Amino acid sequence: MDYVLRTFGLTKAYKKKNVLENVNINVRKGDIYGFIGRNGAGKTTLIKLVSGIAAPTGGSIELFGSNDLNLQRKRIGTIIEYPSVYPNLSARQNLEVYRRLYGIPDVNAIDRILDAVGLGDVGKKPAKAFSLGMKQRLGIAAALLGNPDFLLLDEPTNGLDPEGITEIRDLLTRLNTENNITMLISSHILGELSKIATCYGIIKDGQLMEEITAEELSVRCKRCLKITVDDTAKTASILENALHTQNYDILPENVVRIFDFLDDAGRVNSELVKNGVNVKSLTAAGADLEEYFIEKMGGFKK
């Protein structure tokens with residue numbers, strides 16, 4: 001498996017207090033990695049360490065399978081917190097400043113990137129007259145100037161209205177699918193992030209609590225009836241022959257999850273008991289995305 005980013009025991013301390021502690025993160029090539037955590041959890045700090053803005057106290061970072069970070073950082077683009085723009089310059093003039101700063105020889109890259117982020121038709125309009133969404137797109141354009149393989153985006157939809165959020169979401173999806181750009185996106189807007197993320201890392205108080213793929217998360221959040229019985233084999237037979245469903249699975253400790261009959265738990269219980277199954281417990285289970293993260297964060301608030 002190809003990894004764009006891996007960290008090993010990554011730690012960062014400020015004034016002898018760890019803001020990141022022993023973080024092992026794994027971002028695969030092609031991922032849109034949703035990085036979730038409350039304010040102060042360590043999301044921005046990790047992005048600063050990976051991009052080279054800050055130095056770690058302990059641990060190590062691997063980019064594109066290499067420890068030569070100075071070389072590999074040329075393949076990443078970064079927006080941390082708010083994009084830096086020159087308010088009196090146009091979008092094109094802003095990118096020209098960055099092109100020269102980065103030493104990028106391709107002068108045609110500017111027009112190509114402005115078109116890619118939807119700013120090709122803003123003309124000489126100064127950036128100070130841009131909406132916040134336009135400024136975010138200009139920041140992403142600046143991050144794209146070096147033709148990166150990996151984007152690190154810190155709260156790219158923060159403060160945007162619903163239309164602006166949709167525009168940025170669609171842009172990022174397009175960059176991922178059409179340009180094959182891997183992304184790590186920190187965000188607290190879980191509903192929007194869930195529409196594009198392929199995997200997640202959950203961080204709390206500087207510690208990585210869990211990494212989980214979107215598919216695994218979908219399974220864990222799926223609504224079901226969770227039943228503890230004395231005989232799972234008999235329960236399976238009753239579900240298939242009496243209740244005519246195969247939409248269930250069997251877990252350890254005699255637990256069966258049924259994904260049908262969510263509004264008719266009494267019928268399931270009655271059918272099992274009638275056929276000699278001892279039902280020890282029957283509860284509705286599953287959670288939506290935000291509920292799952294809130295539980296993991298121990299009271300995480302948006």
Side-chain angles (χ1 to χ4, degrees), residues 4 32-35 43-44 47-48 50-54 63 70-189 192-193 195-197:
V4 169
I32 297 180
Y33 188 104
F35 199 33
K43 304 189 301 297
T44 300
I47 291 174
K48 287 180 177 179
V50 174
S51 60
I53 294 173
L63 284 169
N70 288 332
L71 177 63
Q72 299 305 326
R73 282 179 176 136
K74 296 178 181 179
R75 301 173 62 184
I76 69 176
T78 308
I79 297 180
I80 296 179
E81 295 169 339
Y82 295 97
S84 298
V85 300
Y86 296 93
N88 294 317
L89 300 184
S90 69
R92 197 183 195 290
Q93 290 169 331
N94 264 277
L95 290 194
E96 178 63 19
V97 171
Y98 282 111
R99 185 188 72 80
R100 295 184 182 187
L101 181 65
Y102 298 157
I104 297 169
D106 184 7
V107 295
N108 297 318
I110 291 177
D111 291 327
R112 185 170 64 249
I113 290 171
L114 286 175
D115 287 338
V117 301
L119 293 176
D121 59 352
V122 297
K124 297 181 179 180
K125 184 177 183 180
K128 64 184 178 182
F130 286 5
S131 68
L132 183 54
M134 292 172 68
K135 290 178 182 177
Q136 289 284 19
R137 281 187 275 155
L138 181 56
I140 293 172
L144 291 171
L145 266 177
N147 194 28
D149 297 305
F150 184 29
L151 281 180
L152 299 164
L153 305 176
D154 188 18
E155 300 280 1
T157 59
N158 196 25
L160 298 183
D161 59 22
E163 182 178 0
I165 290 173
T166 300
E167 289 176 357
I168 296 298
R169 183 188 72 213
D170 292 344
L171 169 61
L172 297 178
T173 301
R174 190 168 67 250
L175 291 172
N176 175 255
T177 57
E178 296 180 5
N179 296 63
N180 299 315
I181 298 176
T182 304
M183 301 179 190
L184 182 147
I185 304 173
S186 78
S187 181
H188 64 278
I189 306 177
E192 284 300 322
L193 192 58
K195 295 176 183 177
I196 62 173

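Everything quoted here is computed from the prediction, not taken from an experiment.
- Here the side chain of R137 pairs a donor or acceptor atom with the backbone of G118 at under 3.5 angstrom.
- A donor-acceptor pair is defined here as one N or O able to donate and one able to accept, closer than 3.5 Å; such a pair exists between the side chain of R73 and the backbone of V50.
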Contacts table for residues 129-136: side-chain donor-acceptor under 3.5 angstrom, sequence neighbours left out:
residue: S131; atom: OG; partner: M134; partner atom: N; Å: 3.2
residue: Q136; atom: NE2; partner: P156; partner atom: O; Å: 3.3

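- With rounding to the nearest 0.5 angstrom, the CD1 atom of I76 is 14.0 Å from the CE atom of M183.
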For residues 171-182, tabulate all N or O donor-acceptor pairs below 3.5 Å that involve a side-chain atom, not counting sequence neighbours.
residue: T173; atom: OG1; partner: R169; partner atom: O; Å: 2.9
residue: R174; atom: NH2; partner: A116; partner atom: O; Å: 2.6
residue: N176; atom: ND2; partner: G30; partner atom: O; Å: 3.2
residue: N176; atom: ND2; partner: I181; partner atom: O; Å: 3.0
residue: T177; atom: OG1; partner: T173; partner atom: O; Å: 2.9
residue: T177; atom: OG1; partner: R174; partner atom: O; Å: 3.4
residue: T182; atom: OG1; partner: G30; partner atom: N; Å: 2.7

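- Using a 4.5 Å heavy-atom threshold, the side chains of I140 and I79 count as touching.
- Counting only heavy atoms from C-beta outward, the side chains of L95 and L114 approach each other to under 4.5 Å.
- Here CD of E163 is found 11.5 Å from CD1 of I168. Values are rounded to the nearest 0.5 Å.
- Between I47 and S186, some side-chain heavy-atom pair lies under the 4.5 Å cut-off.
- No more than 12 heavy atoms of other residues, nucleotides or ligands sit less than 6.0 Å from atom OH of Y86.
- At a threshold of 4.5 Å between non-hydrogen side-chain atoms, the residues V117 and L138 do not count as touching.
- Heavy atoms only, all atoms of each residue included: P87 and P126 are closest at O-CB, 3.6 Å.
- Among all heavy-atom pairs drawn from I80 and S51, the shortest one is CD1-OG, 4.0 Å.
- Summarising the geometry of Q72 relative to L63, their closest heavy-atom pair is CG-O, 3.5 Å, with the distance given to 0.1 Å.
- Contact between S90 and G123 at its shortest, heavy atoms only, is CB-O, 3.7 Å.
- Salt bridge D111/R92: present, at least one basic N to carboxylate O contact under 4.0 Å.
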Q: May I have the step-by-step check of salt bridge (charged side-chain N to carboxylate O under 4.0 Å, His left out) for R112 and D106, ending in yes or no?
A: CA-CA 10 Å; R112 185 170 64 249; D106 184 7; 3.2 Å; yes

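- Summarising the geometry, atom CG belonging to D170 is positioned 12.0 Å from atom CD1 belonging to I165; distances are rounded to the nearest 0.5 Å.
- Side-chain contact between Q93 and V97 is absent, with no heavy-atom pair separated by less than 4.5 Å.
- With contacts defined as side-chain heavy-atom distances shorter than 4.5 Å, the pair I185/L193 qualifies.
- Nearest heavy-atom pair, Y98 versus A142, reported as atom, atom and distance to 0.1 Å: CD1-CB, 3.9 Å.
- R75 places no side-chain N or O within donor-acceptor distance of the main-chain N or O of D149, the cut-off being under 3.5 Å.
- Heavy-atom minimum distance, I110 versus E96: CD1-OE1, 3.1 Å.
- Remark: T157 pairs with no residue by the side chain to side chain donor-acceptor pair (under 3.5 Å) rule, at least two apart or across chains.
- Judged by distance alone, with hydrogens and angles left aside, the side-chain atoms of N94 form no donor-acceptor pair with the main-chain N or O of V85 at under 3.5 Å.
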